[in-house]
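Only one structure is covered here, and it is reproduced in the block below.
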Amino acid sequence: MARAVPAAAGSEMRPARPDLAPRPGLSRDEMESLQRRVAEAAVFEDDLPFDPTRVSLDTPETGNQTLTGAVAPGGDTDTDGDADTDTNSPPLVAGIDQSFLDDRALSAVVVLRGGEVVERVHAVSDLDLPYIPGLLSFREGGPILDALAELDCDPDLLVFDGSGRIHFRQAGLATHLGVVCDAPSIGVAKSLLCGTPDEDVDGRPEGWRTPIRADDSVDPVGGHPDGPETTIGYAFQSRQYDSRPIVNPLYVSPGHRLSAATAVDLVSRLSGSYKLPEPTRLADAYADEAKAQYED
DNA sequence: GCGACAG
DNA sequence: ATCTTGTCGC
């Protein structure tokens with residue numbers, strides 16, 4: 001049965017695979033086996049509901065970028081009950097990041113359509129686990145799902161702050177939540193968790209990229225055309241300033257429903273004047289901004 | 001035992 | 001992630 005009510009907040013982005021959700025309270029072994037199941041269910045090939053080349057930060061309309069936030073101007077512009085099967089308008093891209101308050105996490109989501117912010121939501125949730133390398137999705141996954149549940153729109157792409165396939169069991173935060181939501185997702189990390197870069201990553205020019213290949217620390221996943229040489233992501237130099245502080249590259253990896261090559265291409269298209277892609281940068285700023293309202 | 005590790 | 005002053009440069 002369809003909803004009787006218009007479209008209440010939280011009606012979109014509901015988990016498609018709640019059975020694979022990062023439940024807390026599992027033993028370490030149970031968390032790792034769940035990650036193996038997530039990796040099996042993950043798709044590291046392009047299966048996108050939009051054309052990647054349509055993703056950009058440009059705003060067709062007035063050529064004017066409105067990054068100040070706030071919701072849609074004149075209220076409901078469209079009936080928006082489902083995906084946009086309509087126009088050539090850019091896909092909806094959601095940037096997700098968190099800030100912390102004691103034992104609580106503030107998860108922020110900023111959704112962009114081209115260079116415009118169309119929605120911003122956040123949620124404050126209790127944290128159940130400490131940070132453990134390799135098990136990040138079990139600490140931050142639940143809180144992030146809480147925030148995504150507040151969304152009125154249905155993003156075409158989710159951009160996470162952390163790794164996707166660049167993970168010991170090929171199931172990092174971006175992969176885990178991408179699979180649970182069954183949505184295309186990308187992981188953008190500021191440092192490398194595992195895997196080996198093809199080339200030295202130091203002091204590279206903007207736009208430069210090199211494959212990150214699976215090594216001994218990356219477990220093979222049945223069901224995927226894997227091999228010890230499999231490209232699980234890319235080191236990507238998004239920015240490089242004309243002066244000293246050599247900027248480190250970003251480590252981009254596919255979360256779900258896209259290839260490593262498409263993931264970097266999209267991050268490149270979403271890069272503005274800063275190191276982090278715009279959706280992530282805005283979510284990061286919003287997470288800090290909203291945090292102030294909860295500090296004791 | 002040693003090394004190594006997203007946020 | 002978070003704790004934090006000043007400092008260099010467009």
Side-chain angles (χ1 to χ4, degrees), chain A residues 22 24 28 31-32 35 38-39 42 95-109 122 124-147 158-178 185-197 201 212 214-219 232-236 238-256 260 263-264 267 273-277 279-281 283-292 294-296:
Chain A
R28 179 162 188 145
M31 292 191 271
E32 296 188 353
Q35 293 184 317
V38 167
I96 303 157
D97 192 32
Q98 302 173 303
S99 57
F100 300 83
L101 313 306
D102 295 314
D103 264 39
R104 295 174 299 169
L106 189 158
S107 308
V109 182
H122 72 267
V124 176
S125 326
D126 291 316
L127 290 168
D128 308 296
L129 306 169
Y131 164 68
I132 300 173
L135 298 178
L136 183 65
S137 67
F138 288 89
R139 170 182 168 78
E140 308 188 340
I144 288 175
L145 289 175
D146 289 341
L158 269 25
V159 180
F160 293 96
D161 197 32
S163 291
R165 193 181 189 181
I166 292 179
H167 179 274
F168 309 122
R169 289 166 288 286
Q170 300 189 45
L173 179 69
T175 298
H176 200 153
L177 297 189
S185 64
I186 297 176
V188 177
K190 293 178 287 300
S191 58
L192 189 60
L193 175 61
C194 61
T196 308
V201 306
I212 297 297
D215 56 24
D216 304 314
S217 69
V218 180
D219 295 345
I232 55 177
Y234 279 88
F236 174 59
S238 61
R239 207 69 227 271
Q240 198 60 276
Y241 306 100
D242 305 306
S243 51
R244 309 161 188 170
I246 296 177
V247 180
N248 298 310
L250 290 176
Y251 293 92
V252 181
S253 56
H256 184 45
V264 228
V267 168
S273 309
Y274 301 83
K275 174 176 178 175
L276 294 175
T280 301
R281 189 181 71 80
D284 181 78
Y286 181 44
D288 283 332
E289 176 192 323
K291 177 181 178 179
Y294 299 87
E295 294 180 314
D296 304 295

*Distance, rounded to the nearest Å, where A/F138 contributes CZ and B/dG7 contributes C1'*: 15 Å
*Which part of the nucleic acid does A/I144 contact within heavy-atom distance under 4.0 Å: base, sugar-phosphate only, or nothing?*
nothing
*Between B/dG7 (C1') and A/D97 (CG): distance, integer Å*: 9 Å
*asked:* Classify A/S191 by what it touches in the nucleic acid, base, sugar-phosphate, or nothing, heavy-atom distance under 4.0 Å.
replied: sugar-phosphate
*Determine: side-chain N/O of A/K190 to OP1/OP2 of B/dG7, distance under 4.0 Å, yes or no.*
yes
_Protein-nucleotide distance (A/L192, atom CG; B/dG3, atom C1'), rounded to Å_ = 15 Å
*For the pair A/S217 (side chain) and A/C194 (backbone), establish whether a donor and an acceptor sit closer than 3.5 Å, ignoring hydrogens and angles.*
no
*In whole Å, what is the span from the CZ atom of A/R139 to the P atom of B/dC5?*
19 Å
_For A/Y274, does the six-membered ring have the charged nitrogen or CZ of A/R281 within the cation-pi criterion, i.e. under 6.0 angstrom from the centroid and within 45° of the normal?_
yes
*Is the ring of A/Y131 stacked on the base of B/dG7, with centres less than 5.5 Å apart and planes under 30° off?*
yes
*How long is the line joining OH of A/Y251 and P of B/dC5, in whole Å?*
11 Å
_Separation of A/D97 CG from A/E140 CD (nearest 0.5 Å)_ = 8.5 Å
_Quick check for you: among B/dA6, C/dA1, B/dC5, whose closest atom lies nearest to any side-chain atom of A/F168?_
B/dC5
*For A/A287, does its backbone N or O pair with a side-chain atom of A/Q98 as donor and acceptor, under 3.5 Å?*
no
*What integer distance in Å separates A/L136:CG from C/dA1:C1'?*
10 Å
*Give the rounded distance in Å between these two atoms: CG of A/L127 and P of B/dG7.*
16 Å
*Could you state the atom-to-atom distance from CG of A/D215 to P of B/dG3 in whole Å?*
18 Å
*Among C/dA1, C/dT2, B/dA6, which nucleotide sits nearest the side chain of A/L193?*
B/dA6
*Residue A/D288, side-chain atoms from C-beta onward, closest of C/dT2, B/dC5, B/dG7*: C/dT2
*Report yes if the distance between the aromatic ring centroids of A/H122 and A/Y294 is under 6.0 Å, otherwise no.*
yes
*Between C/dA1, B/dA6, C/dT2, which one does the side chain of A/S99 approach most closely?*
C/dT2
